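One structure is given here, and the rest of the page talks about it.
Computation of the quantities below employed the complete heavy-atom set of this structure, encompassing side-chain atoms and omitting hydrogens, waters and symmetry-equivalent molecules. In what follows, residues are counted from 1 in the order of the sequence shown. None of these values were measured; they are calculated from a predicted model.
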Amino acid sequence: MGHSAGAAIVSLMVLIPDMLSSPLRERIVGLVLNAGAYDYRGAPMLPPPVVSEYHGGTDGDLRKTEPLGLLENAPADILNVFPPILAVIGELDFPPIVVSHGNFVTTLKKRVSSSVDTLVMEGHNHISPHNSLCSGEGEQWGLDVVSWLQSKLACAGYRTFVATEM
């Protein structure tokens, strides 16, 4: 699970062919990607020098190294063992993040054979979800994520616990 830059990093981890060994890749039972910056094709989310330094190269090269570009060009051996996805976004998230999230989810649904589920965190922006946990307000999204994770772990034969409240 990753949020924002962490979601982009988690997606890179499974999309870069040599990043994980086959046995490790096959043991991943699910990914929770929360409001990530998966591409840099629309409104700028970060200054261009930061993006170029992180992903390497110029704007044209970014499509080879950004998560969306890697997904668009992923080989079958990656796509065929892609874990189930829960794509999470805040109802009030930054517009560029919402667009990037939508592009990534649409492409996931077209390219991977695994399930791609979505969750909109009602009333939340980019920062508020994590602050809501254990606060008694707005934490339903956390329970929904835990339920999704439990279902994936149970399908993989792992014992799970029951989360009824935070």
Of all heavy-atom pairs between [X] and [Y], which one has the smallest distance, and what is that distance?
{"X": "Y40", "Y": "E66", "result": "N-OE1, 3.1 Å"}
{"X": "S128", "Y": "G123", "result": "OG-O, 4.4 Å"}
{"X": "S132", "Y": "E137", "result": "CB-O, 3.2 Å"}
{"X": "F82", "Y": "L15", "result": "CE1-CD2, 3.6 Å"}
{"X": "G142", "Y": "L133", "result": "CA-CD2, 4.1 Å"}
{"X": "G36", "Y": "S100", "result": "O-OG, 3.9 Å"}

If we ignore hydrogens and angles and just use 3.5 Å, is the side chain of [X] paired with the main-chain N or O of [Y] as donor and acceptor?
{"X": "R111", "Y": "L79", "answer": "no"}
{"X": "W141", "Y": "P129", "answer": "yes"}
{"X": "T107", "Y": "E72", "answer": "no"}
{"X": "E139", "Y": "C134", "answer": "yes"}

From [X] [atom1] over to [Y] [atom2], what is the distance, rounded to the nearest 0.5 angstrom?
{"X": "L86", "Y": "D117", "atom1": "CG", "atom2": "CG", "value": "6.0 Å"}
{"X": "T65", "Y": "L70", "atom1": "OG1", "atom2": "CG", "value": "6.5 Å"}
{"X": "N34", "Y": "H130", "atom1": "CG", "atom2": "NE2", "value": "5.0 Å"}

Joint hydrophobic cluster, F104 plus V99, side-chain heavy atoms closer than 4.5 Å: no
Would you mind writing out the side-chain donor-acceptor pairs for residues 17-24 within the sub-3.5 Å range, not counting sequence neighbours?
| residue | atom | partner | partner atom | Å |
| --- | --- | --- | --- | --- |
| S21 | OG | L24 | N | 3.4 |

Listed partners of H126 passing side chain to side chain contact (heavy atoms under 4.5 Å, CB included), at least two apart: H3, S4, A35, D93, F94, I97
E122 atom CD, over 12 foreign heavy atoms within 6.0 Å: no
